[in-house]
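So the structure is just underneath, and the comments pick up after that.
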Amino acid sequence: MHQIDAEAVERLVPMSAAIDALEAVLAAGLDPAAEPDRGVVDVPGGQLLTMPSATASYAGVKVATVTPGNADRGLPRVQGLYVLLDGATHTPLALLDGIALTSLRTPAVSGVAVGRLAVPEAERLVVFGTGPQAWGHVEAVRAVRPGLRHVDVVARHAGRVAEFVARCRAVGLSAAAATADAVARADVVCCCTTAREPLFDGSLLPDHAMVAAVGSHEPDAREVDAALVGRATVVAESRSVAARECGDLVLAAAEGAFDMTGLHTLDALVRGEVRAVPGRPRLFKSAGMAWEDLAVAAAAYERWAAAG
């Protein structure tokens, strides 16, 4: 069984290729609603997650941990490994770095949604957070909206914000530290935090803007408020996952601001069956699903195998 480390994952599958891989499996007919549920086990200090998925060509499972206390230890909050198997024989093919895979596939899924929901002329991005997911979302938005020119960065730690701003400037973007009200000037907003309460006032968001919220997969945590959910065209990976894991939507529905029957799915968006409603913001709420890991892991393995 071959090992594909973090550096190899990043080299083999650039962001645009990861977005293409995800779009391809959805366009080919993959039904996210038919996927196995994420396994979640509470363990001392955090959670152990298992995320299996399979197609005719490949099967795989990600074993991941979520350890909130790791921030104080100088360690990643999310860690893990991915085992890729042959789809017919189930022979192990590769072991991939789970952190690199997650750091790539989550913003790539958002990239699929941004490519279809954000206005074509999008220039201004607001990012909440300064971690790997925040940077991955800058890359994903650039991949599908090459006209992006400015990034506002909102986070609590001034030093990390300064570093993130410098990183954006190093790749040719204008960037600045900002506060939450920067969403009033945004074309795209990416929420990549561990927040459990809304990050900004949803009424400030322009009618044309698009939000990707990816920070949680718990029914009692949210990054966006009910005001935004209630006025937006809302897309999620799966209706059943959204009802079980997406607190941004579950809590808005409980407050009477949103009817879950009005939720659209990502596969329908990719097939062209969903259109953003003019005059309303667009919201993509992602909880993360196992098919996404499998699609990107398979792309990495195939590119590794082709390189010989």
Side-chain angles (χ1 to χ4, degrees), residues 15 18-19 21-23 25-26 30-33 35 37-38 40 49 51 53 62 64 66 77-78 80 101-118 125-129 131-141 143-144 188-196 198-199 209-224 228-229 232-253 258 260 263-270 274 276 281-296:
M15 183 59 68
I19 293 170
L22 292 163
E23 290 185 334
V25 298
L26 291 175
L30 181 138
D31 180 8
E35 286 286 291
D37 293 343
R38 183 202 320 265
V40 181
L49 312 180
M51 300 178 65
S53 185
K62 183 168 74 176
V66 181
R77 178 175 178 269
V78 178
L101 184 62
T102 303
S103 296
L104 176 59
R105 65 81 152 145
T106 301
V109 174
S110 293
V112 173
V114 172
R116 285 165 170 77
L117 293 175
L125 168 65
V126 175
V127 174
F128 287 86
Q133 285 298 335
W135 180 252
H137 276 74
V138 172
E139 292 187 308
V141 175
V144 297
V188 180
V189 177
C190 294
C191 302
C192 313
T193 75
T194 59
R196 303 192 70 83
L199 296 166
M210 185 263 173
V211 177
V214 306
S216 73
H217 59 267
E218 298 171 85
D220 59 349
R222 58 180 167 184
E223 295 176 291
V224 301
L228 170 58
V229 178
T233 299
V234 183
V235 177
E237 291 136 314
S238 156
R239 289 187 176 90
S240 60
V241 170
R244 186 172 62 248
E245 300 184 4
C246 295
D248 306 71
L249 310 185
V250 171
L251 295 172
F258 179 64
M260 292 290 278
L263 177 64
H264 303 287
T265 59
L266 186 63
D267 57 323
L269 182 69
V270 168
V274 177
R282 306 91 191 262
L283 169 64
F284 174 60
K285 171 54 194 171
S286 173
M289 294 186 70
W291 65 267
E292 301 157 3
D293 296 301
L294 180 59
V296 177

How would you list, by chain and number, every residue that makes a side-chain contact (heavy atoms from CB on, under 4.5 Å) with [X], sequence neighbours excluded?
| X | answer |
| --- | --- |
| V250 | none |
| T265 | R239, D267, A268 |
| P219 | none |
| A108 | M15, A18, I19, L22 |

side-chain contact (heavy atoms from CB on, under 4.5 Å) evaluation trace for L125 with V138: CA-CA 8 Å; L125 168 65; V138 172; 4.1 Å; yes
Atom [atom1] in [X], atom [atom2] in [Y]: separation rounded to 0.5 Å?
| X | Y | atom1 | atom2 | value |
| --- | --- | --- | --- | --- |
| R222 | L251 | CZ | CG | 4.5 Å |
| E237 | W291 | CD | CH2 | 6.5 Å |
| H137 | S103 | NE2 | OG | 11.0 Å |
| E35 | M51 | CD | CE | 9.0 Å |
| K285 | C191 | NZ | SG | 9.0 Å |
| H264 | L283 | NE2 | CG | 11.5 Å |

Using every non-hydrogen atom in the two residues, find where [X] and [Y] come nearest and quote the distance to one decimal.
| X | Y | answer |
| --- | --- | --- |
| A276 | L117 | CB-CD2, 4.4 Å |
| A295 | A21 | O-CB, 4.1 Å |
| V224 | D248 | N-OD2, 3.2 Å |
| V229 | L249 | CG1-CD2, 4.0 Å |
| V188 | A118 | CG2-CB, 3.9 Å |
| A113 | L266 | CB-CD1, 4.2 Å |

Is there a donor-acceptor pair under 3.5 Å between the side chain of R282 and the backbone N or O of T233?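 Answer holds: no.
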For [X], enumerate each residue passing the side chain to side chain donor-acceptor pair (under 3.5 Å) test, keeping only those at least two apart in sequence or located in another chain.
| X | result |
| --- | --- |
| S216 | none |
| S238 | S240 |
| T194 | none |
| T193 | E223 |

Compare all side-chain heavy atoms of S110 with those of V214 and state whether any distance is below 4.5 angstrom.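 In short, these two side chains touch, coming nearer than 4.5 Å.
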Would you sort out whether V234 and F284 count as a side-chain contact (heavy atoms from CB on, under 4.5 Å), showing the intermediate values? CA-CA 6 Å; V234 183; F284 174 60; over 6 Å; no
Please test V270 against R116 for side-chain contact (heavy atoms from CB on, under 4.5 Å), starting from the C-alpha separation and ending with a verdict. CA-CA 8 Å; V270 168; R116 285 165 170 77; 4.2 Å; yes
Please list, chain by chain and in numerical order, all residues satisfying salt bridge (Lys or Arg N to Asp or Glu O under 4.0 Å) with R244, sequence neighbours excluded.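 Testing R244 for salt bridge (Lys or Arg N to Asp or Glu O under 4.0 Å), a comparison that skips the adjacent residues, returns D37.
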Tell me every residue that passes salt bridge (Lys or Arg N to Asp or Glu O under 4.0 Å) with E245, counting only those two or more places apart in sequence or in another chain.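 Expected list: R38.
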Got a sec, which residues hit ring-ring contact (aromatic ring centres under 6.0 Å, His included) with F128, two or more places apart in sequence or on another chain?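 For F128, the residues satisfying ring-ring contact (aromatic ring centres under 6.0 Å, His included) (neighbours in sequence not counted) are F200.
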side-chain contact (heavy atoms from CB on, under 4.5 Å) between V126 and C190, intermediate numbers included: CA-CA 6 Å; V126 175; C190 294; over 6 Å; no
With no hydrogens and no angle check, do the side chains of K62 and S53 hold a donor and an acceptor under 3.5 Å apart?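 Side chains of K62 and S53: no pair found under 3.5 Å.
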Residue pairs involving residues 132-141 (criterion salt bridge (charged side-chain N to carboxylate O under 4.0 Å, His left out); sequence neighbours excluded):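 Qualifying pairs, neighbours excluded: none.
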